[in-house]
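For reference, the structure is listed below as C-alpha coordinates.
All heavy atoms count here, side chains included; hydrogens, waters and symmetry mates do not.
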Amino acid sequence: QIMSGATALTVIVLSARQLPREFETRTIYPLLAKPVSRIQFLLGKLLGVMLAAAFCYLIFMLIYVIGVIYLKGDIPVVLFLQYIWLQFIMLLVIATLSFWLSLKLTLDAAITNSEVLYISASVISTMATMIYSSVGALQQFVLKILIFVLPQLTLFDLSEKAVHADEWDPVGFGTMAAVSVYGLVYTAIFFCLALLAFRKRPL
(Lines give C-alpha, C1' and ligand atoms only; values in the text may rest on other atoms or scores of the structure.)
Protein backbone atom coordinates (compact mmCIF):
# COMPACT_ATOMS: atom_id res chain seq x y z
CA GLN A 1 0.00 0.00 0.00
CA ILE A 2 2.91 2.36 0.73
CA MET A 3 4.34 1.60 -2.74
CA SER A 4 0.95 2.23 -4.36
CA GLY A 5 0.50 5.47 -2.42
CA ALA A 6 3.97 6.70 -3.38
CA THR A 7 3.29 5.95 -7.05
CA ALA A 8 -0.10 7.68 -6.90
CA LEU A 9 1.40 10.84 -5.39
CA THR A 10 4.13 10.78 -8.06
CA VAL A 11 1.48 10.51 -10.78
CA ILE A 12 -0.45 13.44 -9.29
CA VAL A 13 2.62 15.69 -9.37
CA LEU A 14 3.63 14.58 -12.87
CA SER A 15 0.13 14.98 -14.29
CA ALA A 16 -0.53 18.35 -12.69
CA ARG A 17 2.78 19.75 -14.01
CA GLN A 18 2.41 18.66 -17.64
CA LEU A 19 0.09 21.29 -19.09
CA PRO A 20 0.95 24.36 -16.95
CA ARG A 21 4.63 23.82 -17.78
CA GLU A 22 3.84 23.79 -21.51
CA PHE A 23 2.04 27.13 -21.21
CA GLU A 24 4.74 28.66 -19.01
CA THR A 25 7.59 27.71 -21.34
CA ARG A 26 5.42 28.45 -24.40
CA THR A 27 6.45 25.15 -25.98
CA ILE A 28 2.80 24.32 -26.60
CA TYR A 29 2.48 26.92 -29.36
CA PRO A 30 4.82 25.38 -31.95
CA LEU A 31 3.46 21.93 -31.09
CA LEU A 32 -0.16 22.86 -31.76
CA ALA A 33 0.87 24.83 -34.86
CA LYS A 34 1.69 21.46 -36.40
CA PRO A 35 -1.06 19.05 -37.53
CA VAL A 36 -1.57 17.84 -33.94
CA SER A 37 -5.03 18.11 -32.44
CA ARG A 38 -5.58 18.98 -28.80
CA ILE A 39 -6.97 15.54 -28.05
CA GLN A 40 -3.84 13.95 -29.56
CA PHE A 41 -1.68 16.29 -27.51
CA LEU A 42 -3.55 15.43 -24.31
CA LEU A 43 -3.45 11.70 -25.05
CA GLY A 44 0.29 11.93 -25.67
CA LYS A 45 0.78 13.66 -22.33
CA LEU A 46 -1.33 11.01 -20.60
CA LEU A 47 0.66 8.23 -22.24
CA GLY A 48 3.91 9.81 -21.07
CA VAL A 49 2.65 10.08 -17.49
CA MET A 50 1.42 6.48 -17.48
CA LEU A 51 4.74 5.19 -18.86
CA ALA A 52 6.57 7.04 -16.10
CA ALA A 53 4.09 5.61 -13.58
CA ALA A 54 4.62 2.12 -14.96
CA PHE A 55 8.39 2.46 -14.63
CA CYS A 56 8.10 3.71 -11.04
CA TYR A 57 5.50 1.16 -9.98
CA LEU A 58 7.16 -1.85 -11.60
CA ILE A 59 10.41 -1.00 -9.78
CA PHE A 60 8.44 -1.06 -6.53
CA MET A 61 6.84 -4.37 -7.48
CA LEU A 62 10.23 -5.83 -8.37
CA ILE A 63 11.50 -4.89 -4.91
CA TYR A 64 8.41 -6.53 -3.40
CA VAL A 65 8.89 -9.74 -5.39
CA ILE A 66 12.58 -9.92 -4.47
CA GLY A 67 11.65 -9.43 -0.83
CA VAL A 68 9.03 -12.19 -0.92
CA ILE A 69 11.44 -14.59 -2.63
CA TYR A 70 14.16 -13.75 -0.09
CA LEU A 71 11.72 -14.51 2.73
CA LYS A 72 10.74 -17.73 0.96
CA GLY A 73 7.14 -16.62 0.59
CA ASP A 74 4.65 -17.43 -2.15
CA ILE A 75 3.49 -15.02 -4.84
CA PRO A 76 -0.07 -15.66 -6.08
CA VAL A 77 0.56 -14.97 -9.77
CA VAL A 78 -3.05 -14.47 -10.89
CA LEU A 79 -4.09 -12.38 -7.90
CA PHE A 80 -0.85 -10.39 -8.07
CA LEU A 81 -1.42 -9.56 -11.75
CA GLN A 82 -5.02 -8.60 -10.99
CA TYR A 83 -3.74 -6.29 -8.27
CA ILE A 84 -1.28 -4.60 -10.66
CA TRP A 85 -3.95 -4.23 -13.37
CA LEU A 86 -6.42 -2.52 -11.05
CA GLN A 87 -3.70 -0.26 -9.68
CA PHE A 88 -2.99 0.99 -13.20
CA ILE A 89 -6.69 1.67 -13.73
CA MET A 90 -6.65 3.69 -10.50
CA LEU A 91 -3.57 5.61 -11.69
CA LEU A 92 -5.40 6.46 -14.92
CA VAL A 93 -8.27 7.94 -12.90
CA ILE A 94 -5.85 10.00 -10.81
CA ALA A 95 -3.83 11.19 -13.81
CA THR A 96 -6.86 12.43 -15.76
CA LEU A 97 -8.28 14.07 -12.63
CA SER A 98 -4.99 15.94 -12.14
CA PHE A 99 -4.96 16.99 -15.81
CA TRP A 100 -8.41 18.52 -15.41
CA LEU A 101 -7.63 20.32 -12.14
CA SER A 102 -4.34 21.66 -13.54
CA LEU A 103 -6.31 23.45 -16.26
CA LYS A 104 -8.78 24.96 -13.80
CA LEU A 105 -6.51 25.85 -10.88
CA THR A 106 -2.99 27.02 -10.19
CA LEU A 107 -0.31 24.33 -10.14
CA ASP A 108 -0.02 24.20 -6.34
CA ALA A 109 -3.80 24.18 -5.91
CA ALA A 110 -4.18 21.42 -8.53
CA ILE A 111 -1.61 19.21 -6.78
CA THR A 112 -3.09 19.87 -3.34
CA ASN A 113 -6.69 19.26 -4.40
CA SER A 114 -5.74 16.13 -6.32
CA GLU A 115 -3.98 14.75 -3.27
CA VAL A 116 -6.93 15.64 -1.02
CA LEU A 117 -9.36 13.96 -3.41
CA TYR A 118 -7.08 10.92 -3.68
CA ILE A 119 -6.89 10.52 0.10
CA SER A 120 -10.58 11.23 0.73
CA ALA A 121 -11.74 8.96 -2.10
CA SER A 122 -9.54 6.23 -0.68
CA VAL A 123 -11.18 6.31 2.75
CA ILE A 124 -14.71 7.53 2.18
CA SER A 125 -16.20 4.15 1.32
CA THR A 126 -14.70 2.62 4.46
CA MET A 127 -15.97 5.52 6.56
CA ALA A 128 -19.43 5.34 4.99
CA THR A 129 -19.66 1.62 5.73
CA MET A 130 -18.70 2.18 9.37
CA ILE A 131 -21.01 5.10 10.18
CA TYR A 132 -23.90 4.76 7.70
CA SER A 133 -26.28 2.93 10.02
CA SER A 134 -25.58 5.25 12.96
CA VAL A 135 -26.34 8.61 11.28
CA GLY A 136 -29.57 10.32 10.33
CA ALA A 137 -31.37 10.33 7.00
CA LEU A 138 -29.76 13.59 5.83
CA GLN A 139 -26.25 12.35 6.61
CA GLN A 140 -26.99 9.06 4.86
CA PHE A 141 -28.13 11.03 1.80
CA VAL A 142 -24.88 13.05 1.82
CA LEU A 143 -22.82 9.86 2.14
CA LYS A 144 -24.64 8.34 -0.84
CA ILE A 145 -23.91 11.42 -2.94
CA LEU A 146 -20.23 11.30 -2.00
CA ILE A 147 -20.04 7.59 -2.81
CA PHE A 148 -21.58 8.08 -6.25
CA VAL A 149 -19.73 11.30 -7.14
CA LEU A 150 -16.21 10.48 -5.94
CA PRO A 151 -14.42 7.49 -7.46
CA GLN A 152 -14.11 4.81 -4.78
CA LEU A 153 -10.41 4.06 -5.08
CA THR A 154 -10.50 1.31 -2.45
CA LEU A 155 -12.22 -0.85 -5.07
CA PHE A 156 -8.92 -1.01 -6.96
CA ASP A 157 -6.89 -2.13 -3.94
CA LEU A 158 -6.28 -5.89 -3.81
CA SER A 159 -3.13 -5.55 -1.71
CA GLU A 160 -4.48 -7.40 1.34
CA LYS A 161 -5.81 -10.21 -0.84
CA ALA A 162 -2.51 -10.48 -2.72
CA VAL A 163 -0.49 -10.58 0.50
CA HIS A 164 -2.83 -13.08 2.19
CA ALA A 165 -3.46 -15.15 -0.91
CA ASP A 166 -3.73 -18.36 1.12
CA GLU A 167 -7.08 -17.00 2.38
CA TRP A 168 -8.35 -15.60 -0.93
CA ASP A 169 -9.04 -16.92 -4.40
CA PRO A 170 -8.39 -14.76 -7.49
CA VAL A 171 -11.13 -12.24 -8.19
CA GLY A 172 -13.74 -13.47 -10.67
CA PHE A 173 -13.72 -12.27 -14.26
CA GLY A 174 -17.08 -10.51 -13.91
CA THR A 175 -15.96 -8.55 -10.87
CA MET A 176 -12.65 -7.61 -12.50
CA ALA A 177 -14.48 -6.46 -15.63
CA ALA A 178 -17.01 -4.43 -13.61
CA VAL A 179 -14.34 -2.66 -11.53
CA SER A 180 -12.23 -2.03 -14.66
CA VAL A 181 -15.19 -0.47 -16.49
CA TYR A 182 -16.00 1.58 -13.37
CA GLY A 183 -12.48 3.02 -13.38
CA LEU A 184 -12.43 3.59 -17.14
CA VAL A 185 -15.73 5.47 -16.98
CA TYR A 186 -14.26 7.87 -14.42
CA THR A 187 -11.12 8.13 -16.56
CA ALA A 188 -13.22 9.04 -19.60
CA ILE A 189 -15.21 11.63 -17.60
CA PHE A 190 -12.12 13.35 -16.21
CA PHE A 191 -10.34 13.20 -19.58
CA CYS A 192 -13.33 14.79 -21.34
CA LEU A 193 -13.48 17.52 -18.68
CA ALA A 194 -9.74 18.14 -19.15
CA LEU A 195 -10.15 18.24 -22.92
CA LEU A 196 -13.05 20.68 -22.65
CA ALA A 197 -11.04 22.94 -20.36
CA PHE A 198 -8.04 22.65 -22.69
CA ARG A 199 -10.09 23.65 -25.71
CA LYS A 200 -11.42 26.70 -23.87
CA ARG A 201 -7.91 27.74 -22.89
CA PRO A 202 -6.80 30.60 -25.17
CA LEU A 203 -3.52 30.06 -27.01
Side-chain angles (χ1 to χ4, degrees), residues 1-12 14-15 42-43 46-47 49-62 64-65 68 74-101 113-133 140-195:
Q1 288 177 337
I2 292 174
M3 292 175 175
S4 298
T7 306
L9 294 178
T10 301
V11 166
I12 287 173
L14 283 175
S15 303
L42 206 56
L43 284 172
L46 180 60
L47 177 61
V49 168
M50 292 308 298
L51 288 174
F55 178 76
C56 176
Y57 192 65
L58 292 178
I59 287 177
F60 280 139
M61 290 300 99
L62 180 61
Y64 170 77
V65 169
V68 172
D74 294 325
I75 298 175
V77 176
V78 175
L79 197 50
F80 186 60
L81 292 176
Q82 288 178 333
Y83 164 71
I84 292 175
W85 167 257
L86 290 184
Q87 285 297 292
F88 275 106
I89 298 292
M90 182 196 72
L91 293 175
L92 266 174
V93 174
I94 294 171
T96 50
L97 170 64
S98 298
F99 272 171
W100 174 45
L101 291 179
N113 281 278
S114 296
E115 290 176 351
V116 168
L117 287 170
Y118 166 68
I119 294 170
S120 60
S122 298
V123 300
I124 195 168
S125 59
T126 303
M127 179 194 70
T129 302
M130 293 173 62
I131 69 173
Y132 185 81
S133 59
Q140 289 181 347
F141 178 71
V142 172
L143 286 174
K144 286 180 180 178
I145 291 177
L146 290 175
I147 287 172
F148 280 100
V149 171
L150 292 176
Q152 300 306 300
L153 302 182
T154 52
L155 294 175
F156 305 103
D157 186 9
L158 298 180
S159 58
E160 291 186 11
K161 292 180 175 61
V163 171
H164 302 287
D166 53 333
E167 302 290 337
W168 297 92
D169 293 325
V171 179
F173 176 80
T175 303
M176 284 293 296
V179 176
S180 298
V181 170
Y182 173 82
L184 292 174
V185 167
Y186 271 101
T187 298
I189 291 171
F190 290 139
F191 183 84
C192 288
L193 288 171
L195 181 61

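- Smallest separation of non-hydrogen atoms from Cys56 and Thr7: SG-OG1, 4.1 Å.
- Within the 4.5 Å cutoff, side-chain heavy atoms of Asp157 are placed close to those of Tyr83.
- Taking every heavy atom of both residues into account, Tyr118 and Gly5 meet most closely at OH-CA, 3.5 Å.
- The backbone N or O of Leu150 sits less than 3.5 Å from a side-chain atom of Gln152, completing a donor-acceptor pair.
- Between Leu86 atom CG and Leu81 atom CG the span is 11.0 Å, to the nearest 0.5 Å.
- Shown here is Phe141, whose CZ atom has no more than 12 heavy atoms of other residues, nucleotides or ligands within 6.0 Å.
- Of all heavy-atom pairs spanning Ile94 and Ala8, the tightest one is CD1-CB, 3.8 Å.
- Here the CG-CG distance, from Leu9 to Leu14, works out to 11.0 Å after rounding to the nearest 0.5 Å.
- Aromatic ring orientation, Phe190 versus Trp100: parallel (interplanar angle below 30°, classes split at 30° and 60°).
- For the pair Ser15 (side chain) and Ile12 (backbone), a donor-acceptor distance under 3.5 Å is absent.
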Derivation and outcome, ring pair (Phe, Tyr, Trp, His ring centres under 6.0 Å), residues Phe88 and Tyr57
CA-CA 9 Å; Phe88 275 106; Tyr57 192 65; 5.8 Å; yes
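- Contact between Val49 and Phe99 at its shortest, heavy atoms only, is CG2-CZ, 4.2 Å.
- Of all heavy-atom pairs between Met176 and Val171, the closest is CG-CG1, 3.8 Å.
- With sequence neighbours left out, Ser98 forms a side chain to side chain donor-acceptor pair (under 3.5 Å) with Ser114.
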Step-by-step side chain to side chain contact (heavy atoms under 4.5 Å, CB included) determination, Gln82 to Leu79
CA-CA 5 Å; Gln82 288 178 333; Leu79 197 50; 3.4 Å; yes
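- Proximity of Leu101 to Leu117: side-chain heavy atoms (C-beta onward) are separated by under 4.5 Å at one or more points.
- Leu153 contributes atom CG, which lies 12.5 Å from atom CD1 of Ile89 (distance to the nearest 0.5 angstrom).
- Among pairs with a residue in residues 174-193, those fulfilling side chain to side chain donor-acceptor pair (under 3.5 Å) read Trp85-Ser180, at least two apart in sequence or across chains.
- Residues meeting the ring pair (Phe, Tyr, Trp, His ring centres under 6.0 Å) test with Phe80, sequence neighbours left out: Tyr64.
- Under the 3.5 Å distance criterion, the side-chain polar atoms of Gln87 are matched with a main-chain donor or acceptor of Phe156.
- The environment of Ile2 atom CD1 is sparse: at most 12 non-hydrogen atoms of other residues, nucleotides or ligands sit within 6.0 angstrom.
- Pairing each heavy atom of Leu91 with each of Ala53, the nearest pair is CD1-CB, 4.2 Å.
- In this structure, the separation between CG on Leu97 and CG on Leu193 is 9.5 Å, given to the nearest 0.5 Å.
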